[in-house]
2 protein chains.
Amino acid sequence: MSSNDKTWLSPAVRAAAVTRSLKAGEALFYRGDKVASLFEVIEGHVRLSRIDSAGHEVLLYVAGTGETLAEASLFSPTYHCDAVASAAATVRAYRKSAVLAVFDKDPAAARSFTAMLARQVMSLRTRVEQRNIRSARDRLRHWLSVNAGADGRTVPLTGTLKDVAAELGLTHEALYRALAALARSGEIRRTRETIVLLHRKRK
Amino acid sequence: MSSNDKTWLSPAVRAAAVTRSLKAGEALFYRGDKVASLFEVIEGHVRLSRIDSAGHEVLLYVAGTGETLAEASLFSPTYHCDAVASAAATVRAYRKSAVLAVFDKDPAAARSFTAMLARQVMSLRTRVEQRNIRSARDRLRHWLSVNAGADGRTVPLTGTLKDVAAELGLTHEALYRALAALARSGEIRRTRETIVLLHRKRK
DNA sequence: CGGCGTTTTGAGAGAGCTCAACATCGGTGG
DNA sequence: CCACCGATGTTGAGCTCTCTCAAAACGCCG
């Protein structure tokens, strides 16, 4: 989702921000809470998820160091998902009212924020498309293609494979098997922290 | 996805829009092209895709009737994917420069656009959540809950059930069976154009 | 009445999920 | 230094569920 471009956060708002530490499992906010702030992750990871009617956690996004979360909630009275620190984490809170005030006075900041949202929309659309793929192997292929780095072949592994499985909407077993199958067929090569696409065959 | 609120499109921009017909397989733009316009799909579907390093098409999104595409490209000098009509389609083109000019002069329009993007982000997250539900019955339940009307029980059927199946990412057979099962168990009641939730049991 | 698309129902097969066992890797404490 | 422990990574076996292929009833329109 890469919310890395934060030019929309003016120095004034940054100065007024409050830093907060979270223990593992501690919540930043819950779905339905009144929106007070949006957050930037300083250290650690924050899981954005919902609990579906079957009681299962549905992972929406994992915000890592340097990323922001709940930007979309700026225009909503309440949060639309839960935010929980998966491990000890530090976040900075920017007050909603302050951010909106800046947008009124600084068109460039507002425009930068809009651009960031537009990128998120694209990213989410891609994820919806990914979920349409039924086969675990093909879904993995799609993810690898979309997440390939600049060379179009190397995919960095940031978190654990279990996190990747959750992002892909697969059980971790299914992901392991799909990875093993692609590695066996020579389609990819795995190292500890990257996956390299070898795309040998052309059909 | 409901990009239906287009208050950010001022009458002036609307008036200057160009309607264009696409034949099946005809391209709207290619990756790397200079961004000239953003588009609204009037009829048909437009496939947004990229070609990966192995020469395979990676489908990013299929924009349907009423949806906009290339919003994010408003802030980019070039398009980042290909847009091709999968069948005959009609689109309306809004010139990038015109849209941006309006945003500069009319903060309310700009803000409206930003809010629309924020709503899209939330809506897309909901859809991702829906696709995470494996069971056809539970996915249908989720959809019914989300789409229930004001009374929280009545769901209007706008298109055909096949359309609903596509929206849910299920085969139409699976949807029919899930509907029949819920009706049999007394969880819903169906009429020609609505589905009523009876939510009898609490587990 | 005769197509054509939607709605239903049936049977079989494939694929991912569940449950289970085990390996691996850090980290922790004796 | 080593035993222990928890989480991640890996593989196996069976089961359930959806998909696929098929066929038929239904509704709409020319």
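Excluded from the calculations below are hydrogen atoms, water molecules and symmetry mates; all remaining heavy atoms, backbone and side chain alike, are included. Letters go in sequence order (proteins before strands), and every chain restarts at 1.
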Checklist entry - Counting just side-chain N and O atoms, does B/Arg134 come under 4.0 Å of either OP1 or OP2 of D/dT18? => result no

Next on the checklist: Under the rule for salt bridge (charged side-chain N to carboxylate O under 4.0 Å, His left out), what residues qualify as partners of B/Arg111, not counting sequence neighbours?
Outcome noted: A/Asp104

Checklist entry - Can you pull the ring pair (Phe, Tyr, Trp, His ring centres under 6.0 Å) pairs that have at least one residue in residues 147-172 of chain A, sequence neighbours excluded? => result A/His172-A/Tyr176

Checklist entry - Within this structure, what is the CG-to-C1' distance between A/Leu175 and C/dG16, rounded to whole angstrom? => result 13 Å

Next on the checklist: Just the rounded figure in Å: distance from C1' of C/dC17 to CG of A/Leu170.
Outcome noted: 11 Å

Next on the checklist: Quick check on D/dT18: is either OP1 or OP2 less than 4.0 Å from any side-chain nitrogen or oxygen of B/Thr171?
Outcome noted: no

Checklist entry - Expressed in angstrom and rounded to an integer, what is the separation of B/Arg192 atom CZ from C/dT7 atom P? => result 9 Å

Item to check | Interatomic distance where NZ belongs to A/Lys162 and P belongs to C/dT24 [whole Å] | outcome: 18 Å

Item to check | Sequence-distant partners of B/Glu173, side chain to side chain contact (heavy atoms under 4.5 Å, CB included), two or more places apart | outcome: B/Thr171, B/Arg177

Next on the checklist: I need the CD-C1' distance between B/Glu193 and C/dT7, as an integer number of Å.
Outcome noted: 16 Å

Item to check | Qualifying ring pair (Phe, Tyr, Trp, His ring centres under 6.0 Å) pairs with a residue from residues 115-159 of chain A, counting only residues at least two apart or across chains | outcome: none

Next on the checklist: Any donor-acceptor pair under 3.5 Å linking the side-chain atoms of B/Glu71 with those of B/Thr68?
Outcome noted: yes

Which donor-acceptor pairs under 3.5 Å do the side chains of residues 19-31 of chain B make with protein atoms, sequence neighbours left out?
from, atom 1, to, atom 2, distance (Å)
B/Glu26, OE1, B/Lys23, N, 2.8

Checklist entry - What is the distance from CG of A/Leu140 to C1' of C/dG16, rounded to the nearest Å? => result 14 Å

Polar atom pairs between nucleotides 10-13 of chain D and protein, under 3.5 Å, N or O only, would you list them?
from, atom 1, to, atom 2, distance (Å)
D/dT10, OP2, A/Arg190, NH2, 3.1
D/dG12, N7, A/Arg177, NH1, 2.8
D/dG12, O6, A/Arg177, NH2, 3.0
D/dA13, N6, A/Arg177, NH2, 3.4

Checklist entry - Can you tell me how far C1' of C/dG14 sits from CG of A/Asp138, to the nearest Å? => result 14 Å

